[in-house]
Structure formats: C-alpha cells, structure tokens
A.B. asks: 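To start, I am sharing the structure in question, which I have written as structure tokens.
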Amino acid sequence: MTPPRGIRNHNPGNLRYTGTRWRGLDTPAHDNAGFCRFTAAVYGIRALALNLLNYAWDHNIDTIEGITHRWAPRSDGNDPDEYARAIGKLADLPIDTRLDWVDGPDGRATLERIARAICQHENGEDPYTVQTWAAGISTAHY
C-alpha cells in the first residue's frame, strides 16, 4: 500500500510550496500537485512547526480554531470548523483556548501535540518516532 502524500513527501503537514526555501527541501522542491517535498521527515516537521509559530508571531493566531481557518481555509474547499474539531480532539485541547506555545512553560509540548494532530488528520497516520518529532520541533527556532 502506498503511503499518503504527506508521508511520501516527508511533509506531515502537507504544506504547499510557495517559494519559501525551507531547510531540507528536496529536488524538485515540490510534487506535481504543488506540495513541498523534503529530504527527511525531520525537515518537514520543522517546517510544520515554524509555520505554526509564524501564525502566532506574525498573525497573532493563538487558538486551534484560528489556526485551522488559516491552514485549511474555506476558500480552498475546506471546512475549517470541522478541521478545528478534529485537531482539538486529536490533540485533546479546546479549540477556542489561547495556546501559550511561544512563551509558556509547556510551549514545545503544546506545539508538538498540535503538529502531531495535524499530521494524523492530514495523513490518517503518524508514523514518526518520538525522537523524530523532538528533533523537528527542537530545530524550529523559538
């Protein structure tokens, strides 16, 4: 059985290629549908984490509900409210509670929970080890 696109591309968040020169991009940098391709999962996890952190830093988005409205907008044919409910359930976090993942004492753990939930939702699985997740999250610059 062929793994899902995000797993094949080492891109657990299914980030689209927009020209950002993410560390670890493969050659070519994207597949034929425009999704980023990374040389290893740790780089895709790093890009996913940095993307989420940028939502907080650059856009003041700090709830699961806010994340999903940007991550999976209705304009792309998604249902961001349903996506938020799925991520909240998988991460075991309320969708409207302010996430303190930038400065909070459990910031990295919260970031990882949400990133893992996105991976599970996007791909139907999370095949990565605790060590791979820790390496990817730790290289996302706080």
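In what follows, residues are counted from 1 in the order of the sequence shown.
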A.B. asks: If you look at every heavy atom in Ala84 and Thr68, which pair is closest and at what distance?
C.D. replies: CB-OG1, 3.3 Å
A.B. asks: For the residue pair Leu53 and Ala140, what are the closest heavy atoms and their distance?
C.D. replies: CD1-CB, 4.1 Å
A.B. asks: Considering residues at least two apart in sequence or located in another chain, which fulfil the salt bridge (Lys or Arg N to Asp or Glu O under 4.0 Å) criterion with Glu125?
C.D. replies: none
A.B. asks: Using the salt bridge (Lys or Arg N to Asp or Glu O under 4.0 Å) rule, collect all pairs that involve residues 56-67, keeping only residues at least two apart or in two chains.
C.D. replies: Asp62-Arg98
A.B. asks: Identify whether Trp71 and Phe35 are in the same connected component of the hydrophobic contact network (ILVMFWY, side-chain heavy atoms under 4.5 Å).
C.D. replies: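 The answer is no; the residues belong to distinct hydrophobic clusters.
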A.B. asks: Report the residues that fulfil salt bridge (Lys or Arg N to Asp or Glu O under 4.0 Å) with Arg21, sequence neighbours left out, ordered by chain and then residue number.
C.D. replies: none
A.B. asks: Sequence neighbours left out, what passes side chain to side chain contact (heavy atoms under 4.5 Å, CB included) with Thr129? Give chain and number order.
C.D. replies: Gln131, Thr132
A.B. asks: Write out all pairs satisfying side-chain hydrogen bond (donor to acceptor under 3.5 Å, both in side chains) with one or both partners inside residues 85-97, taking only residues at least two apart or from two chains.
C.D. replies: Glu82-Arg85
A.B. asks: When rounded to the nearest 0.5 angstrom, what is the spacing between CG in Leu48 and CD1 in Ile118?
C.D. replies: 5.5 Å
A.B. asks: State the SG-CD1 distance between Cys119 and Ile87, to the nearest 0.5 angstrom.
C.D. replies: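 It is 10.0 Å, given to the nearest 0.5 Å.
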A.B. asks: The criterion is salt bridge (Lys or Arg N to Asp or Glu O under 4.0 Å); which residues satisfy it with Arg5, sequence neighbours excluded?
C.D. replies: Asp31
A.B. asks: About how many Å separate CG of Asn51 and SG of Cys36, when rounded to the nearest 0.5 Å?
C.D. replies: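 Between atom SG of Cys36 and atom CG of Asn51 there are 9.0 Å.
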A.B. asks: My understanding is that only residues two or more places apart in sequence, or in another chain, count here; which of them pass ring pair (Phe, Tyr, Trp, His ring centres under 6.0 Å) with Tyr17?
C.D. replies: His30
A.B. asks: Suppose we screen for side chain to side chain contact (heavy atoms under 4.5 Å, CB included). Which residues come up paired with Ile61, at least two apart in sequence or across chains?
C.D. replies: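 Counting only residues at least two positions away or on another chain, Ile61 forms a side chain to side chain contact (heavy atoms under 4.5 Å, CB included) with Tyr55, His59, Ile67, Arg70.
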A.B. asks: If you look at every heavy atom in Ile137 and Ala115, which pair is closest and at what distance?
C.D. replies: CD1-CB, 4.4 Å
A.B. asks: Taking only residues two or more places apart in sequence or in another chain, which ones pass side chain to side chain contact (heavy atoms under 4.5 Å, CB included) with Thr20?
C.D. replies: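 Residues passing side chain to side chain contact (heavy atoms under 4.5 Å, CB included) with Thr20: Thr18, Trp22.
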A.B. asks: Determine all donor-acceptor pairs shorter than 3.5 Å in which one atom belongs to a side chain in residues 37-47; sequence neighbours excluded.
C.D. replies:
| residue | atom | partner | partner atom | Å |
| --- | --- | --- | --- | --- |
| Arg37 | NH1 | Pro28 | O | 2.8 |
| Arg37 | NH2 | Asp26 | OD2 | 3.1 |
| Thr39 | OG1 | Gly24 | O | 3.3 |
| Arg46 | NE | Thr139 | O | 3.2 |

A.B. asks: Quick one: pull up CD1 in Ile64 and CG in Leu90 and give me the separation to the nearest 0.5 Å.
C.D. replies: 9.5 Å
A.B. asks: So, using side-chain hydrogen bond (donor to acceptor under 3.5 Å, both in side chains) as the criterion, who are the partners of Asp126 when residues are at least two apart?
C.D. replies: Arg116, Trp133
A.B. asks: So, for Ile95 and Thr63, which heavy atoms are closest and what is the spacing to 0.1 Å?
C.D. replies: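 Closest approach of Ile95 to Thr63: O-CB, 3.5 Å.
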A.B. asks: Drop me the distance from His10's NE2 to Leu25's CG, to the nearest 0.5 angstrom.
C.D. replies: 12.5 Å
A.B. asks: Testing the basics here: between Ala72 and Asn78, what is the closest heavy-atom pair and its distance to 0.1 Å?
C.D. replies: O-CB, 3.1 Å
A.B. asks: Sequence neighbours excluded, which residues qualify as ring pair (Phe, Tyr, Trp, His ring centres under 6.0 Å) partners of His121?
C.D. replies: Tyr83
